[in-house]
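Please read these numbers as outputs of a predicted model, since none were measured by experiment. Within every chain, numbering begins at 1; the chains are lettered A, B, ... in the order of the sequence lines, protein sequences first and strands thereafter. Note: hydrogens, waters and symmetry copies are ignored here, and every other heavy atom, side chains too, is used.
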2 protein chains.
Amino acid sequence: MFKPHHNHAKCTAKLISRAEEACEQRGSRLTDQRKDVLASIAESHVAVGAYEIIERMAARGPRPAPITVYRVLDFLLEHNLVHKIESRNAFVACACVHDNATPTLLICESCGVVDEIMQPLANENLQNAASANGFKINRTVIELSGTCQACANV
Amino acid sequence: MFKPHHNHAKCTAKLISRAEEACEQRGSRLTDQRKDVLASIAESHVAVGAYEIIERMAARGPRPAPITVYRVLDFLLEHNLVHKIESRNAFVACACVHDNATPTLLICESCGVVDEIMQPLANENLQNAASANGFKINRTVIELSGTCQACANV
DNA sequence: CCATTTATGTTATAATATAACGCTCATGTT
DNA sequence: AACATGAGCGTTATATTATAACATAAATGG
């Protein structure tokens, strides 16, 4: 189904080291468990459900309880190290650097790969529209489902 | 919590009659059950969960099974008569006319009211960005959570 | 070393959503 | 009318996603 078009080991390593940095900066601890969960999610760029994370972890060690994984997910979400795909109840490791801006998620319905792109113009439009309606944005979700380039070319 | 700032009965009536039209145009049937579910959702502009819909219906007649409500929801979603708030697993009746464009949902975290606005510019930006990445959009989700004007003024 | 917070473990359960199967009823056809 | 078809719905069971409540351990700051 999914074939990485890049050196994924390198990709994961980079992600973990960025996560370590981010936690250090914020004075929070990236514990082994948290690193494990993050690594499980980062196994691919495909969105993964919480219970699939449990399976992946069970394959390499003791099976964590759901609450354990959800607790870690909360931590990782707060630290912007993973994103929740709301339209799928699934998670992906954050693939790009975005300070406070909201990424647009491109979700392939065929292979499941989730790509992140920064779209400052769209964010600005939405911010303006919200303001015009007297609405104060706390959180923005932009998810586009469809067909990725790789799958379109098959 | 929520106090309508308008004549809601009128609002619902309009919604139902629009739904009837839409179904007629598409040659599908807006059965009593479907009308009931739609009316339950449209009781307010607050997003409502599937099981809360069941409660509302149970208050006025026999309690429907979850699958029943979900089936109706599928129908209503397909016909664009309701929207699913993905970030909340909840539903609202479609409040405005939008041909094929995607509405932006403004979700108040305080009162739960969901407002719909059309944001052609943002849609266009996202479409362009997707195209630039070779991504073909099938479905777009834009959800802004925050504080609505009414709640900000309290 | 103690107090406090943060992290984790354990058990149970809540909330959301779908599968599978069969019956009924409207509709169109012969 | 008799029949075939498919849409709508009923019923039972179960899958999937997420959280509550309470106990223990481990890190951190004074």
Protein heavy-atom contacts under 4.0 Å, written 5' to 3' over nucleotides 19-30 of chain D as B (base), S (sugar-phosphate only) or - (none), form the string BB------SS--
Roughly, in whole Å, what's the span from [atom1] in [X] to [atom2] in [N]?
X	N	atom1	atom2	result
B:Ile54	D:dC9	CD1	C1'	15 Å
A:Ile53	D:dT16	CD1	P	16 Å
B:Gln33	C:dC25	CD	P	14 Å
B:Lys35	D:dC9	NZ	C1'	17 Å
A:Leu76	C:dT8	CG	P	11 Å
A:Glu52	D:dA15	CD	P	17 Å
A:Leu30	C:dT6	CG	P	17 Å

With sequence neighbours excluded, tell me which residues meet side chain to side chain contact (heavy atoms under 4.5 Å, CB included) with [X].
X	answer
A:Ala19	A:Leu30, A:Leu38, A:Leu81
A:Ala150	A:His5, A:Cys148
B:Asn133	A:Leu106, A:Asp115, A:Ile117
A:Thr31	A:Arg29, A:Gln33, A:Arg34

Does OP1 or OP2 of D:dC9 have a side-chain N or O of B:Thr31 closer than 4.0 Å? yes
Kindly point out which of C:dG9, D:dC9, C:dA7 is positioned nearest to the side chain of B:Arg34? D:dC9
Can you sort out which residues in residues 79-91 of chain B have a heavy atom within less than 4.0 Å of DNA chain C? Ascending by number, please. B:Lys84, B:Asn89
Test: ring-ring contact (aromatic ring centres under 6.0 Å, His included). Region: residues 85-104 of chain B. Which pairs qualify, not counting sequence neighbours? B:His83-B:His98
Scan residues 124-154 of chain B for pairs that pass ring-ring contact (aromatic ring centres under 6.0 Å, His included), counting only residues two or more places apart or in two chains. none
So do B:Asn89 and A:Asn89 actually touch side chain to side chain, heavy atoms under 4.5 Å? yes
Side-chain heavy-atom pair A:Thr104, A:Asn123 within 4.5 angstrom cut-off: no
Sorted by chain and number, sequence neighbours left out, side chain to side chain donor-acceptor pair (under 3.5 Å) with B:Gln119 holds for none
Take the C1' atoms of the five end pairs on each side of the helix from C:dC1-D:dG30 to C:dT30-D:dA1, get both axes, and report the angle to 10 degrees. 30°
Assuming nearest nucleotide by heavy-atom distance, tell me which of B:Phe75 and A:Gly49 is located more 5' along DNA chain D. B:Phe75
Any residue meeting ring-ring contact (aromatic ring centres under 6.0 Å, His included) with A:Phe75, in chain and number order, not counting sequence neighbours: A:His79
Residue pairs fulfilling side chain to side chain donor-acceptor pair (under 3.5 Å) with at least one residue in residues 135-145 of chain B, sequence neighbours excluded: A:Glu109-B:Asn138, B:Glu86-B:Arg139, B:Ser87-B:Glu143
